Amino acid sequence: MIFLLSALLVSFIFMFGLRRKNPYPPGPKGYPIIGNMTMMDQLTHRGLAQLSSRYGRAGLLHLTMGKLHIVAVSTPEMAREVLLAQDSVYANRPANDAIVYLTYDRADMAFANYGPFWRQMRKICVMKVFSRKRAESWASVREEVDSTVATVMKSVGQPLNVGELVFALTRNITYRAAFGSFSRDGQDEFVLILQEFSKLFGAFNIADFFPWLGWIHGTEFRKRLAKARASLDGFIDHIIDEHLETREKRNSDRAEKNQGLYEDDMVDELMAFYGENASKGDFNDSSNSSIQLTKDNIKAIIMDVMFGGTETVASAIEWAMAELMNSPAELKKVQQELSDTVGLDRVVQESDLDKLTYLRCAIKETLRLHPPIPLLLHETAADSVLGGYHVPARSRIMINAWAIGRDPSSWEDADVFKPSRFLDGGAPDFKGSNFEFIPFGSGRRSCPGMQLGLYGLELSVAHLLHCFNWELPDGMQPSELDMNDSFGLTAPRATRLVAVPSYRLSCPVPGK
Ligand code: HEM
């Protein structure tokens, strides 16, 4: 008995001692049980930046919301620690009950926890879905950008909602890349499903903070979840079945494909790994040949692509246009470069993009000031020590890419839109090794769609600015443009950009 009591005492002292040795990172004092839940509305990029500068230290801020520990990271040094030095502990994703249910128990890549399953999913996606070799995705970007230019032509001389235009553009791009020519008619239905998913992903759930109060989440909410997933099942199952039926024919008819009669879409690429008897547990790190995807995996990956690739790119295009219209001198420089490099007698080609240095600087500057995903959400797999502070297992880590991109110790005139800062060869790049500029994240969980996203972003902005001049409506001055953002999965403009286009080229728009 005495032995048992001493063992308990020793382990208590040991555990308690560990805690005391490393305190939690600094943060505002919370209330008993609920912690800092009264600050819930400040869990945005701007709110966390303010709290960090008031209560944080060394780039770290600690909050508790019920049972949940939250650590906000707001300096490049701490971002490096989390995304590079200790990345294997910090590479999980947080997911609430709704997300787990809607992603078929994390059967996708974006919400899968770090481990063999995620590694295999990422390998397949990087090789087959996001690869530059998948020429069809790149072709869908070009064709949809052309068709957007044709749409703008119809609005010449009239106010045009640029925000809605570019959201429709990126939705069309991802939809085409995912489903090819299949079921284009169903696109409106799919958009409604996506919107409902987006609302459910962000819905407040008391069980995230107090797991024992999970029962409070009403049956109504559960019904809504079930309905949303059933709609997606109905929609994508049908597309998958169509692909299954035609797969045999397609395989035996490669010649037709070679003649360009049909193109493989993302579902085709993923179907190549489909196994009727596959289960999520089949994954291991040993060989490619063992990888088999279930229908749920395929559905969940398609959702990743739709969520990861639509709002992000649209928000960046709209912000780039708004920042340039807000700074007419910068807009003039970008358009002058387009006139000099491409000429007014033709539209921009893919091969021009590399030569459009100033345009690319303007796009980098847009991503610095308005990273489309302002907070990178990670979760810790185990207890760890960060900057000398204790971070418990399963803490939610919010890396504030927005605050890092505006940190005055890394950036001169940090809040000013100044594309020329990127002309300097030594300026930070967004490929992931400069932690003061991480719009695509860095390391294991960084964005796998970066190349495709950048291509859509650069090509769209280049076309919109080369083909058209843009004026603000009703004599509005650039300084009057609302430059506020809103907060959700991404940080789009608070009000849609509306502008009046006029045609700028001396040649007719191709395809008109
Ligand atoms: C301007 C465009 C884009 C930006 C700024 C962007 C940014 C990001 C960021 C910041 C992350 C999270 C990194 C982290 O947690 O550390 C991410 C992840 C991801 N992105 Fe993108 N993205 C863009 C375009 C795209 C596109 C076009 C696609 C797909 C077609 C895509 C698919 C994904 C996926 C699937 C993930 C999750 C990766 C994982 O968890 O392993 N993104 N992106």
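The model shown is predicted, which means the values in this text are computed figures rather than measured ones. Whatever order the structure lists them in is the order used to number ligands and atoms, beginning at 1.
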**Message:** Heavy-atom contact check, 4.0 Å cutoff: does Phe111 meet ligand 1?
**Reply:** no

**Prompt:** Between Lys355 and Glu337, is the closest basic N to carboxylate O distance under 4.0 Å?
**Reply:** no

**Message:** Just to confirm my output: which protein heavy-atom neighbour is closest to atom 13 (C) of ligand 1, and how far is it?
**Reply:** Arg445 O, 3.2 Å

**Request:** Give the ring-plane orientation class for Phe430 versus Phe437, where under 30° counts as parallel, over 60° as perpendicular and anything between as tilted.
**Result:** tilted

**Request:** For atom 16 (O) of ligand 1, grab the closest protein heavy atom and report residue, atom and distance to one decimal in Å.
**Result:** His378 NE2, 2.8 Å

**Fill in**
Under 4.0 Å from one or more heavy atoms of Pro372, ligand 1 contributes atoms 5 (C)

**Request:** Would you mind checking if Asp485 and Arg46 are paired as a salt bridge, meaning a charged N to carboxylate O distance below 4.0 Å?
**Result:** yes

**Message:** Any heavy-atom pair between the side chains of Ile70 and Met398 that's under 4.5 Å?
**Reply:** yes

**Item:** Sub-3.5 Å N/O-N/O distance, Arg122 and ligand 1
**Value:** yes

**Request:** Spell out, as yes or no, whether a donor-acceptor pair under 3.5 Å connects the side chain of Ser327 to the backbone of Leu324.
**Result:** no

**Prompt:** Hey, are His466 and Asp352 close enough side-chain-wise for a donor-acceptor pair under 3.5 Å?
**Reply:** no

**Request:** Give me the protein N, O or S atoms that fall under 2.8 Å of atom 21 (Fe) of ligand 1, sorted by chain and residue number.
**Result:** Cys447 SG

**Request:** Take Arg496 and Glu164 through the salt bridge (charged side-chain N to carboxylate O under 4.0 Å, His left out) test and state the conclusion after the steps.
**Result:** CA-CA 7 Å; Arg496 291 270 87 105; Glu164 278 174 16; over 6 Å; no

**Parallel, tilted or perpendicular, as decided by the 30° and 60° cut-offs, for the rings of Trp402 and His45** = perpendicular

**Prompt:** What do you reckon, does Phe130 put a non-hydrogen atom under 4.0 Å from ligand 1?
**Reply:** yes

**Fill in**
among protein heavy atoms, the one nearest atom 15 (O) of ligand 1 is Arg93 NH1, 2.7 Å

**Prompt:** Can you tell me the protein heavy atom closest to atom 7 (C) of ligand 1 and the distance?
**Reply:** Pro439 O, 3.4 Å

**Complete:** Taking only non-hydrogen atoms of Met109 and a 4.0 Å limit, the atoms of ligand 1 in range are 35 (C), 40 (O), 41 (O)

**Message:** Any nitrogen or oxygen of Trp118 lying under 3.5 Å from a nitrogen or oxygen in ligand 1? Just yes or no.
**Reply:** yes

**Item:** Lys364 and Asp429 ion-paired at < 4.0 Å
**Value:** yes

**Residues Arg493 and Asp482 bridged, charged N to O under 4.0 Å** = no

Extract all donor-acceptor atom pairs below 3.5 Å that involve side chains of residues 365-382 and protein atoms in other chains or at least two apart in sequence.
unit_1 : atom_1 : unit_2 : atom_2 : d
Glu365 : OE1    : Arg368 : NE     : 2.8
Glu365 : OE1    : Arg421 : NE     : 3.2
Glu365 : OE2    : Arg368 : NH2    : 3.0
Glu365 : OE2    : Lys418 : N      : 2.6
Glu365 : OE2    : Arg421 : NE     : 3.0
Glu365 : OE2    : Arg421 : NH2    : 3.4
Thr366 : OG1    : Ala362 : O      : 2.8
Arg368 : NH1    : Gly405 : O      : 2.8
Arg368 : NH1    : Ala414 : O      : 2.7
Arg368 : NH2    : Ala414 : O      : 3.0
Arg368 : NH2    : Val416 : O      : 3.1
His370 : NE2    : Glu323 : OE2    : 2.7
His378 : ND1    : Tyr90  : O      : 2.8
Thr380 : OG1    : Pro392 : O      : 2.9
Thr380 : OG1    : Arg394 : N      : 3.1
Thr380 : OG1    : Ser395 : N      : 2.9

